[in-house]
Amino acid sequence: MKLFVLSLGLLAATTCSNPFSGSSSADIPGFKLDTAQMNKIYETYKEPALVSRRFKHKDIDSLLQLHKKRDVFKITQIGKSVEGRSINELEYGNGDKKVMLWSQMHGDEPTATMALFDLFNFLEGKDDGFDSVRNILKDNLNIHFIPMLNPDGAERFLRRNAQSIDLNRDARANQTVEGALLKSRAKEIKPRYGFNLHDQNIYYYVPGTKNPVTISLLAPAYNTEREINDVREGAMQIIVGMNNILQQYVPDAVAKYDDTYTPRGFGDNFQSWGASTVLIESGGLKGDPEKQQIRKLNFIIILNALMEIAQGTYENYDAQGYEDIPFNASNMHDVVIRGLEFGSDSIPLKSDIALRRGEVTDGRDFYVRGRVEDIGDLPESFGYDEVQGEGLKFIQGKIAEKPVPSFESITPEIAYDLLKKGYMGVQVQTLKPEQANMFHNLPIHVFTGTSFATTPKIDLGGTANFYIGDSNGNLKYAILNGYLIDLSKPLSEVGLLKNRVL
């Protein structure tokens, strides 16, 4: 299975032929940065205070206070959320071309917010060899950034605002203070370009491949017929430039978001208001659960797009390159097991199984709950990890016969040794108060009560705690809380697990 887990800092090619547009970035005149320069800028200016997705409004507010002292941006509190949290706008540049970017209108979609703060750091830099880039942006653009439009949702890491309304479905009615604020700023600024910054779920894949969609792009429709006028075509051309760069970092991992016209959606309305608007959706990349590599991609394509807008070079792209980008397809899963035997003695069954891990937020962190998402004939489904189950069968896990005295008694080595022997859970006799419901990354379930049980049979929607072994009972893989663990590999290759004391 060809999945791309790229070290984004290693690529240094200057240009790459775009398989969709038939032209390369090198064909477009104007000042541009190659990938090595982009990598250097990002590593220099990445905001170190933001390292995971579940940051809060106070984290953003603290950073804004620092940016105010540097006096590069005009920073204004433009309003407050339902629960009274500040919503701020940062203005940069004195050019004629007006640009608006807004992020985290869905509270649990923070990837681009991190990238914007990386960009703020870069725009405040100087004497690093990239002042010419800043001058191009400053002299030609007037940029308005609104990071974290939905701070109440971000506080809970939930999509909707404190009134349970989806802000991206409030462009028409303006029922929410946050939605009304965004619309009022758009009407006052009258941007010529807009960037609507989101995260999509990680279970889309690129048609014709087995790759998850890492970045999804869209030039939203401005009417039901999805017609193309000069405004929407401009957004398409900007996206062609973005895709040129993304193909150098995550080849065959870019798709288009559904372009059905949504009269309540902000992207669609911005397009109808005369702003060439680009939707960026941060998707999935294997080995990047906190989306730090995808954050870098956001930074790079946004900075490059701003440079192309400033110079007008995006207009040289053929919009047909946008049309050739495939649409998102669904049916991606965390794990797909193909052709596993798991029926009963009386009714044998051999089929495919798809697993997903749902995240449960707790403050600034999360743990997962693995479940059986689908069972049946699943050749059109793909997994971040896959197992060919031919000749293999389901084996129920066991609970360790003897409890251990404390959580500290279970080292990762002990846990992995138990797991390889067929034990999926171990009971702890005594936990410190702070260890109750504690998160851990041990390759075994840790519990204090007597109710924990491994998966007795494969059930749709059921738990995902079982083994895969051969007909002689030899264990090959463990499915622990929806994670696939190859028992032939050393502990160092198990990877990051997000489990909780039960």
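This one's a predicted model, so the numbers in the text were calculated from it and none came from an experiment. For the single chain, residues carry numbers from 1 onward in sequence order.
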Legend entry - Short side-chain to backbone donor-acceptor contact, Gln271 and Pro220, under 3.5 Å: yes
Legend entry - Contact check, side chains of Val82 and Glu178, non-hydrogen atoms, under 4.5 Å: yes
Inset, instruction - For the pair Arg369 and Glu359, find out whether any cationic side-chain nitrogen is under 4.0 Å from an anionic carboxylate oxygen. - result: no
Inset, instruction - Give the minimum heavy-atom separation between Asp199 and Pro110, together with the two atoms involved. - result: OD1-N, 3.5 Å
Legend entry - Approximate separation, where rounding is to 0.5 Å, of Thr214 OG1 and Gln200 CD: 9.5 Å
Inset, instruction - With ring-ring contact (aromatic ring centres under 6.0 Å, His included) as the test, would you mind laying out the steps for His333 and Tyr384 before giving the verdict? - result: CA-CA 6 Å; His333 302 277; Tyr384 282 85; 9.9 Å; no
Legend entry - Carboxylate-amine/guanidinium contact Arg156 Glu83, below 4.0 Å: yes
Inset, instruction - State, with a plain yes or no, whether a side-chain heavy atom of Asn328 is found less than 4.5 Å away from one of Asp258. - result: no
Inset, instruction - Mind checking the OG-CD spacing from Ser282 to Gln293? Nearest 0.5 Å is all I need. - result: 12.5 Å
Inset, instruction - Carefully, step by step, assess Lys432 and Glu408 under the rule salt bridge (charged side-chain N to carboxylate O under 4.0 Å, His left out). - result: CA-CA 10 Å; Lys432 299 174 184 177; Glu408 290 78 10; 3.5 Å; yes
Inset, instruction - Using the side chain to side chain contact (heavy atoms under 4.5 Å, CB included) rule, take Met236 and Ile228 through it: C-alpha gap first, then chi angles, then the decisive distance, then the call. - result: CA-CA 9 Å; Met236 292 176 172; Ile228 300 173; 3.5 Å; yes
Inset, instruction - For the residue pair Phe466 and Ile458, establish whether any side-chain heavy-atom pair is separated by less than 4.5 Å. - result: yes
Inset, instruction - For the pair Gln104 (side chain) and Pro147 (backbone), establish whether a donor and an acceptor sit closer than 3.5 Å, ignoring hydrogens and angles. - result: no
Inset, instruction - Could you grab the distance from atom NZ of Lys56 to atom CE of Met148, nearest 0.5 Å is fine? - result: 9.0 Å
Legend entry - Any donor-acceptor N/O pair, Ser488 side chain to Asp486 backbone, under 3.5 Å: no
Legend entry - Pairwise side-chain contact, Ile353 with Val336, heavy-atom cut-off 4.5 Å (strictly under): no
Legend entry - Within 45° cone of Phe55 ring axis and under 6.0 Å: Arg364 NZ or CZ: no
Legend entry - Test: Lys393 and Asp470 ion pair at under 4.0 Å: no
Legend entry - For Glu380 against Asn331, the heavy-atom pair lying closest together: O-CB, 3.8 Å
Legend entry - Heavy-atom side-chain contact between Leu480 and Asn499 under 4.5 Å: yes
Inset, instruction - Kindly indicate whether the side chain of Leu497, heavy atoms from C-beta on, has any atom under 4.5 Å from the side chain of Pro443. - result: yes
Inset, instruction - Report yes or no: do Asn150 and His106 form a side-chain donor-acceptor pair below 3.5 Å? - result: no
Legend entry - Asp152 versus His57, side-chain donor and acceptor atoms under 3.5 Å: no
Inset, instruction - Return yes if a side-chain donor-acceptor contact under 3.5 Å exists between Asp324 and Gln320, otherwise no. - result: yes
Legend entry - Exercise: do Asn243 and Gln247 side chains pair donor with acceptor under 3.5 Å: yes
Inset, instruction - Would you sort out whether Phe299 and Leu116 count as a side chain to side chain contact (heavy atoms under 4.5 Å, CB included), showing the intermediate values? - result: CA-CA 7 Å; Phe299 172 86; Leu116 289 185; over 6 Å; no
Legend entry - Over-ring placement of Arg295 relative to Phe117, 6.0 Å and 45° cut-offs: no
Legend entry - Residues, nucleotides or ligands: over 12 heavy atoms within 6.0 Å of Lys80 NZ: no
Legend entry - Mutual orientation of the aromatic rings belonging to Tyr204 and Tyr257 [parallel < 30°, tilted 30-60°, perpendicular > 60°]: perpendicular
Inset, instruction - Heavy atoms only: give me the nearest Asn481-Asn465 pair and the separation to one decimal. - result: N-OD1, 2.7 Å
Legend entry - Between Asn211 and Asp252: side-chain donor-acceptor atoms closer than 3.5 Å: no
Inset, instruction - Please tell me if the side chains of Arg232 and Arg226 come closer than 4.5 Å, counting only heavy atoms from C-beta onward. - result: yes
Inset, instruction - Please report the closest heavy-atom contact between Ala415 and Ile410, naming both atoms and the distance. - result: CB-CG2, 3.9 Å
Legend entry - Stacked cation flag Arg500 on Phe439, 6.0 angstrom / 45 deg: no
Inset, instruction - Enter the distance from Gln388:CD to Arg338:CZ here, rounded to the nearest 0.5 Å. - result: 6.5 Å
Legend entry - Positive for side chain to side chain contact (heavy atoms under 4.5 Å, CB included) with Tyr467, one of Ile479, Leu419, Thr454: Leu419
Inset, instruction - Please step through salt bridge (charged side-chain N to carboxylate O under 4.0 Å, His left out) for the pair Arg159 and Asp166, ending with a clear verdict. - result: CA-CA 7 Å; Arg159 177 183 178 88; Asp166 185 339; 3.0 Å; yes
Inset, instruction - Report yes or no: does Asp417 contribute a side-chain atom to a donor-acceptor pair with the main-chain N or O of Glu413 at less than 3.5 Å? - result: no
Legend entry - Face-on cation placement of Lys498 at Phe366 ring, 6.0 Å and 45° thresholds: yes
Inset, instruction - Decide if atom CD of Glu225 counts as having more than 12 heavy atoms of other residues, nucleotides or ligands within a radius under 6.0 Å. - result: yes
Inset, instruction - Assess Lys256 against Phe327: is NZ or CZ under 6.0 Å from the centre of the six-membered ring, and within 45 degrees of the ring's axis? - result: yes
Legend entry - Close side-chain approach of Asp377 and Pro379, heavy atoms under 4.5 Å: yes
Legend entry - Distance-only donor-acceptor check, side chains Arg371 and Thr463, under 3.5 Å: no
Inset, instruction - Heavy atoms only: give me the nearest Thr455-Phe394 pair and the separation to one decimal. - result: O-CZ, 3.3 Å
Legend entry - Test item: Asn472 side-chain N/O and Asn474 main-chain N/O as donor-acceptor pair under 3.5 Å: no
Legend entry - No-hydrogen, no-angle side-chain donor-acceptor test under 3.5 Å, Asp170 and Thr176: yes
Legend entry - Any side-chain donor near an acceptor of the partner, Glu281 and His198, under 3.5 Å: no
Legend entry - Heavy-atom pair with the smallest gap, counting every atom of Ser103 and Thr113: OG-OG1, 2.8 Å
Legend entry - Residue pair Asp334 / Tyr203, side-chain donor-acceptor N/O under 3.5 Å: yes
Inset, instruction - Could you walk me through whether Asp352 and Ile337 pass the side chain to side chain contact (heavy atoms under 4.5 Å, CB included) test, one step at a time? - result: CA-CA 6 Å; Asp352 302 336; Ile337 307 164; over 6 Å; no
Legend entry - Atom pair CG (Leu378) and OG (Ser351), whose distance is rounded to the nearest 0.5 Å: 6.5 Å
Inset, instruction - Could you please spell out the steps behind the side chain to side chain contact (heavy atoms under 4.5 Å, CB included) verdict for Asn437 and Val501? - result: CA-CA 5 Å; Asn437 299 316; Val501 173; 5.8 Å; no
Legend entry - Under 3.5 Å side-chain donor-acceptor pair for Tyr423 and Glu401: yes
Legend entry - Asn269 side-chain N/O to Ala171 backbone N/O, donor-acceptor pair under 3.5 Å: no
Legend entry - Gap separating the CG atom of Asp385 from the CD1 atom of Ile485, nearest 0.5 angstrom: 10.5 Å
